[in-house]
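Here the structure is laid out as C-alpha cells; the discussion comes afterwards.
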Amino acid sequence: MNMVAESSSVVVLAGGVGAARFLRGLAQVHSPQQTIALVNTGDDTVLHGLYISPDIDTVIYTLSEAIDQQRGWGLADETWRAMASLKRYVDVRPVGSIAAPEWFNLGDQDLATHFYRTARRSEGADASLITQEIANAWKVAQRIVPMTNSDVATLVELSQDCPAGKAGTQISFQEYFVKHQHSVAVKSVHFQGAENAKPNCLGELQQSEIIVIAPSNPIVSIGPIRALAGINELLSANRDKVVAISPIVGGRALKGPADRMLTELGHESSALGVARLYATIASTIIVDTVDADLKDAIEREGLRCIVTNTVMSTQEVAGELAKTTLASISEQRK
Ligand code: FO1
C-alpha cells in the first residue's frame with residue numbers, strides 16, 4: 001500500500017464519536033505530530049455556568065483511552081454523585097429557572113474538565129489554547145483544534161408542535177440531542193454566529209497533504225465547520241486532496257440521528273446521499289462493504305468511491321480504515 005509520508009500533514013474535520021474512533025486508528029498509521037483534528041464546536045453548551053465542549057472532549061478522551069467505550073462520551077469508571085445531589089434542587093427551583101438542569105449528565109470526573117475550561121475562559125484564554133492545554137493534560141499528541149475560537153451555536157428548528165416546543169421554534173443542539181433524545185422532527189438547522197466566526201487552521205488546511213472528512217454527521221457535525229467563512233471555498237478549491245468517509249452504513253447511522261435528519265431535511269439516507277452532499281468538496285468517498293452496490297451510482301456523482309470495512313468495532317479495523325483513507329489520496333496522485 002502506498003502510504004502517505006510520515007512528515008506529511010493530515011487535517012481531519014471531526015465531530016464526536018465516529019471521528020474520535022477514526023483519529024485513534026489514524027494514530028496507529030500516521031505521525032500524531034503531523035495530524036490536526038479540526039473539531040466541531042456547534043454542539044457546545046453552557047450549563048450550570050460551565051462551558052461544555054462535547055465533541056472536543058470526546059476526541060480527547062478517546063485518544064487518551066479514557067473514554068467510556070459503551071456510551072461513546074464521558075469518562076470510563078465514572079461516578080455520578082454530583083448529578084444525584086443536583087436532584088435536591090430540582091423541586092425548589094422557580095418556574096422558568098435554568099438552574100439544576102438534570103437532563104444533561106455530567107460525571108464527577110468529567111466535571112473537572114468543564115471547571116478548567118470555564119475558569120480559563122474567565123481568564124481570557126481562547127478556545128484553541130484551552131483545548132491545547134486540556135489535550136496536553138490528557139497526553140494527547142495529535143493537535144486538537146476547535147473549528148473556531150468564536151462561539152457558534154447549532155440550532156434545530158422544529159417542524160411540528162411537540163414536547164420540545166411549537167413548530168418553527170429553534171432549540172439548541174443539546175436540547176434536541178440529549179433532552180429530547182433526538183426524537184423530534186427537524187425542519188432546518190442553523191449555525192448561529194458561523195458567518196462572522198473566523199475559522200482556525202485555514203493555513204494548515206491549505207498546506208496539508210490530505211484533508212479527511214471523518215465519519216461524522218454531515219449536517220450537524222461537518223455542517224458547522226463548512227459554514228465558517230472561507231472553509232467550503234477552500235475545500236472546493238482543494239477537492240483533489242479531500243477524502244470523506246460515509247457515516248451512513250446500509251442506510252443507517254451507526255450512532256445518533258444522522259439517518260433521520262438526512263431524510264427530514266430532504267436528502268437520501270444512504271452513502272449515495274452523503275456523496276451528493278460532499279460532491280463539490282471531496283474527490284473521494286469511502287463507503288462500507290455493505291454499500292458496495294452504490295459504488296457506480298456514487299461515481300456517477302463525480303467522486304471516486306472506495307469500498308472497505310468502515311465499522312470501527314476494533315482498533316485494528318480503525319487502523320486499516322485510516323490506512324486506506326490516506327492511501328486513497330496518495331494513489332490518486334500517482
Ligand atoms: N449524551 C447523551 O446522550 N446524554 C448525556 O447526558 C450526555 C452528557 C454529556 C456530557 C459531556 C459530554 O462531553 C458529552 C455528553 N453527551 C451526552 C454526548 C454529547 O452531548 C453528544 O454525543 C454530542 O454532542 C453529539 O456529537
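Remember, it's 1-based here, ligands and their atoms both numbered in the order they're listed.
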Does the distance from a Lys or Arg side-chain N to an Asp or Glu carboxylate O, for R276 and E268, drop under 4.0 Å? yes
Measuring only between side-chain heavy atoms, which start at C-beta, is F104 closer than 4.5 Å to K179? no
Going by side chain to side chain contact (heavy atoms under 4.5 Å, CB included), D43 matches just one of I52, D55, T58, I56. Which one? D55
Nearest protein heavy-atom contact for atom 13 (O) of ligand 1: which residue, which atom, what distance? P54 CA, 3.4 Å
Under a plain distance cut-off of 3.5 Å, with no hydrogens placed, do D240 and S283 share a side-chain donor-acceptor pair? no
Looking at side-chain heavy atoms only, is the closest gap between P215 and S246 below 4.5 Å? no
Determine whether the side chain, the backbone, both or neither of V17 has a heavy atom under 4.0 Å from any heavy atom of ligand 1. neither
Around atom 23 (C) of ligand 1, find the nearest protein heavy atom and jot down its residue, atom name and distance. D43 OD2, 3.6 Å
Whether T58 lies under 4.0 Å from ligand 1, heavy atom: no
Any N or O on N105 sitting closer than 3.5 Å to an N or O of ligand 1? yes
Checking the N or O distance criterion of under 3.5 Å, is ligand 1 in contact with D110? no
Charged N to carboxylate O below 4.0 Å: is that the case for R120 and E133? yes
Nearest-neighbour protein heavy atom for atom 20 (O) of ligand 1, which is reported as residue plus atom name and distance: Q174 OE1, 2.8 Å
Could you tell me the residue and atom name of the protein heavy atom closest to atom 26 (O) of ligand 1, and the distance to it rounded to 0.1 Å? D55 OD1, 2.9 Å
Ligand 1 to F173, heavy atom cutoff 4.0 Å, flagged ligand atoms 24 (O), 25 (C)
Checking side-chain polar atoms at under 3.5 Å, does N309 have a donor or acceptor matched by the opposite partner on T289? no
Just to be sure I'm reading this right: ignoring hydrogens, which of W73, F177, W103 gets closest to atom 16 (N) of ligand 1? Compare them by their nearest heavy atoms. W73
